[in-house]
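For reference, the structure is listed below as structure tokens.
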Amino acid sequence: MTSRADQTPSLSCVMPAFNEARNLDIVVPQVLAALAALSPQVELIVVDDGSRDETVQVAQRLCAAHPQIVLLQLSRNFGKEAALTAGIDAACGDLVVMMDADGQHPASLLGEMLEKWKQGADVVYAVRKTRADQSRLQAGLTGLFYKLVNWGSHIEIPADAGDFRLMDRKVVQALKSLPERNRFMKGLYAWVGFNSTAIDYEPLPRADGQTNFGLGGSFRLALTGMVAFSTAPLRLLTALGLLLSVGALGYGVWVVIEYFITGVEVPGYATIVAGLMFFSGIQLLGMGILAEYVGRIYEEVKQRPAYLLSQRTGDGLIAAGARGDDEPRAARLQDASLL
């Protein structure tokens, strides 16, 4: 068997895009040139996630100019996690790279990622050195989220590790086998396991424009990740219920002792109203947390697809054809051609 150090693998790059028309003309040629310098067989898959600007038109023009570029148009905006899933499903390369379309992921790191793969890593993921491009509130909430989601979990989701990563084909196949619809990709990367290694990077400034993923989007994604990969909210609810029960019992004992020793009468209206309001709030909080888990179960049992594809433009690695001596490669080329 040929060692990885002697191989020149084919490369697929998945790039989700939502209203990134002004960035694609800058980012795509740079990334494509970096990929071509590493392998003669490359493809760059741009996944349009229901953009409302000229993202599709720009990507179609790039497809016409570069046969290595593929455009996948989703039927509407399904979210970045679904767009990443669509790109992974379409990727044909021996290695698959995930990058953002805003230019913040430096293409110069692709060579280092490939070298780590040749040394034996199945997944090479990039970890941010700083979060200077985010507000202090968003950075603090992000750190809190990773602490909560990893608390008591049997898997460890690396903090500050995003979607910028290189994955071996067997990792990609493992991700494709996971059926859930509410997808939190950072958790899925960690769940499948495999030999992983991290490299540090400093996010570059956006090529143009402002991010489409603000505090609201971060909160929704964090909620999905928390419900999908952690039972911490349920455990906290249990602990809170136990604490309140012990506190209520202790308070009842104190009221009885105070009455018999000091002669102070049992408090009346104010104590009852405050207690009812407090415990009603706790009950509603508990119902809300349980409803989030039940709602996700409801979404899963409907078995709707994670995304719907409207149109595919370009062939990418399919145009190179499948080698007759490589049946697995032929199979994945055939699967991608069906999209």
Side-chain angles (χ1 to χ4, degrees), residues 9-21 23-36 38-51 55-75 77-105 107 110 113-114 162-169 171-173 175-176 183 185 188-189 305-322 329 331-339:
S10 57
L11 299 175
S12 296
C13 179
V14 175
M15 186 176 291
F18 177 68
N19 294 340
E20 298 288 0
N23 289 324
L24 290 181
D25 270 328
I26 302 171
V27 176
V28 168
Q30 291 178 350
V31 174
L32 189 59
L35 292 170
L38 300 175
S39 173
Q41 292 185 306
V42 301
E43 65 179 359
L44 196 159
I45 303 173
V46 178
V47 185
D48 172 57
D49 187 24
S51 297
T55 295
V56 171
Q57 290 78 6
V58 173
Q60 288 174 336
R61 176 163 42 81
L62 290 169
C63 286
H66 304 280
Q68 304 97 327
I69 298 177
V70 175
L71 170 62
L72 300 180
Q73 295 174 242
L74 303 188
S75 62
N77 177 249
F78 286 89
K80 184 180 180 182
E81 309 300 290
L84 288 170
T85 301
I88 289 174
D89 289 343
C92 301
D94 300 317
L95 304 179
V96 177
V97 179
M98 320 292 286
M99 297 184 71
D100 286 349
D102 56 11
Q104 290 195 290
H105 293 162
L110 295 177
M113 287 181 164
L114 180 60
D163 296 306
F164 186 23
R165 60 188 61 222
L166 177 146
M167 299 179 293
D168 187 82
R169 170 51 54 177
V171 181
V172 174
Q173 291 300 115
L175 288 171
K176 291 172 67 173
R183 301 178 74 83
M185 295 303 297
L188 296 180
Y189 299 143
Y307 64 90
L308 291 175
L309 191 64
S310 173
Q311 183 178 341
R312 174 179 176 135
T313 305
D315 292 328
L317 285 174
I318 296 178
R329 175 177 165 81
R332 64 178 181 262
L333 287 170
Q334 178 64 25
D335 291 342
S337 68
L338 296 176
L339 290 175

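For this chain, numbers begin at 1 and follow the sequence in order.
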- Message: If I compare all heavy atoms of Ala17 with all of Ala101, which pair ends up nearest, and what's the gap?
- Response: CB-CB, 4.1 Å
- Message: To check you understand the geometry: which heavy-atom pair defines the closest contact between Cys92 and Arg169, and what is its length?
- Response: C-NH2, 3.4 Å
- Item | Close side-chain approach of Val70 to Thr313, heavy-atom, < 4.5 Å | no
- When rounded to the nearest 0.5 angstrom, what is the spacing between CD in Glu43 and OG in Ser12? 3.5 Å
- Flag the pair Leu71 / Asp48 as yes when at least one side-chain heavy-atom distance between them is below 4.5 Å, and no otherwise. yes
- Task: With the side chain counted from C-beta on, respond yes when Val96 and Val14 share a heavy-atom pair under 4.5 Å apart, and no when they do not.
- Result: yes
- So, Asn77 and Asp49: side-chain donor and acceptor under 3.5 Å apart, yes or no? yes
- Note on the structure: So CG of Leu11 and CG of Leu166: to nearest 0.5 Å the spacing works out to 7.0 Å
- Message: Using side-chain contact (heavy atoms from CB on, under 4.5 Å), reason through Val171 and Tyr189 one step at a time and then give a plain yes or no.
- Response: CA-CA 8 Å; Val171 181; Tyr189 299 143; over 6 Å; no
- Query: Can you tell me how far the CE atom of Met15 sits from the CD1 atom of Ile69, to the nearest 0.5 Å?
  - Reply: 9.0 Å
- For residues Asp168 and Leu95, determine if any side-chain heavy atom of one lies less than 4.5 Å from a side-chain heavy atom of the other. yes
- Query: Given side chains that start at C-beta, do those of Val28 and His66 come closer than 4.5 Å, heavy atoms only?
  - Reply: no
- Message: Rounded to the nearest 0.5 Å, what separates atom CG in Leu308 from atom OG in Ser75?
- Response: 4.5 Å
- Task: Evaluate the side-chain proximity of Phe164 to Met98: yes if any heavy-atom separation is below 4.5 Å, no if none is.
- Result: no
- What are the two closest heavy atoms between Phe18 and Ser51, and how far apart are they? CA-OG, 3.3 Å
- Note on the structure: One should read off an interatomic distance between Gln68 CD and Leu35 CG, to the nearest 0.5 angstrom, of 9.5 Å
- Query: Side chains of Leu72 and Val46: closer than 4.5 Å at any heavy-atom pair?
  - Reply: no
- Provide the closest heavy-atom pair for Arg312 versus Ala90 in the form atom of the first, atom of the second, distance. NH1-CB, 4.1 Å
- Query: Under 3.5 Å, side chain of Arg165 to main-chain N/O of Met167, donor-acceptor pair present?
  - Reply: no
- Message: Looking at Gln104, is its backbone amide N or carbonyl O close enough to the side chain of Asp102 to form a donor-acceptor pair, meaning the two atoms are under 3.5 Å apart?
- Response: yes
- Message: Suppose we screen for ring pair (Phe, Tyr, Trp, His ring centres under 6.0 Å). Which residues come up paired with Phe78, at least two apart in sequence or across chains?
- Response: none
- Task: Return the minimal non-hydrogen interatomic distance between Leu114 and Pro9, and the atom names on each side.
- Result: CD1-CG, 4.0 Å
- Message: If I take atom CG from residue Asp94 and atom OG from residue Ser39, how far apart are they, to the nearest 0.5 angstrom?
- Response: 8.0 Å
Distance-only donor-acceptor hits, side chain of residues 55-63, under 3.5 Å, sequence neighbours excluded:
residue : atom : partner : partner atom : Å
Thr55   : OG1  : Glu20   : N            : 3.0
Thr55   : OG1  : Ala21   : N            : 3.2
Thr55   : OG1  : Asp53   : OD1          : 2.6
Arg61   : NH1  : Asp25   : OD1          : 3.2
Arg61   : NH2  : Asp25   : OD2          : 3.2

- Task: Begin with the C-alpha distance, continue with both residues' side-chain angles, and end with the deciding distance and a verdict on side-chain contact (heavy atoms from CB on, under 4.5 Å) for Gln73 and Leu309.
- Result: CA-CA 6 Å; Gln73 295 174 242; Leu309 191 64; 5.6 Å; no
- Message: Any heavy-atom pair between the side chains of Val31 and His105 that's under 4.5 Å?
- Response: no
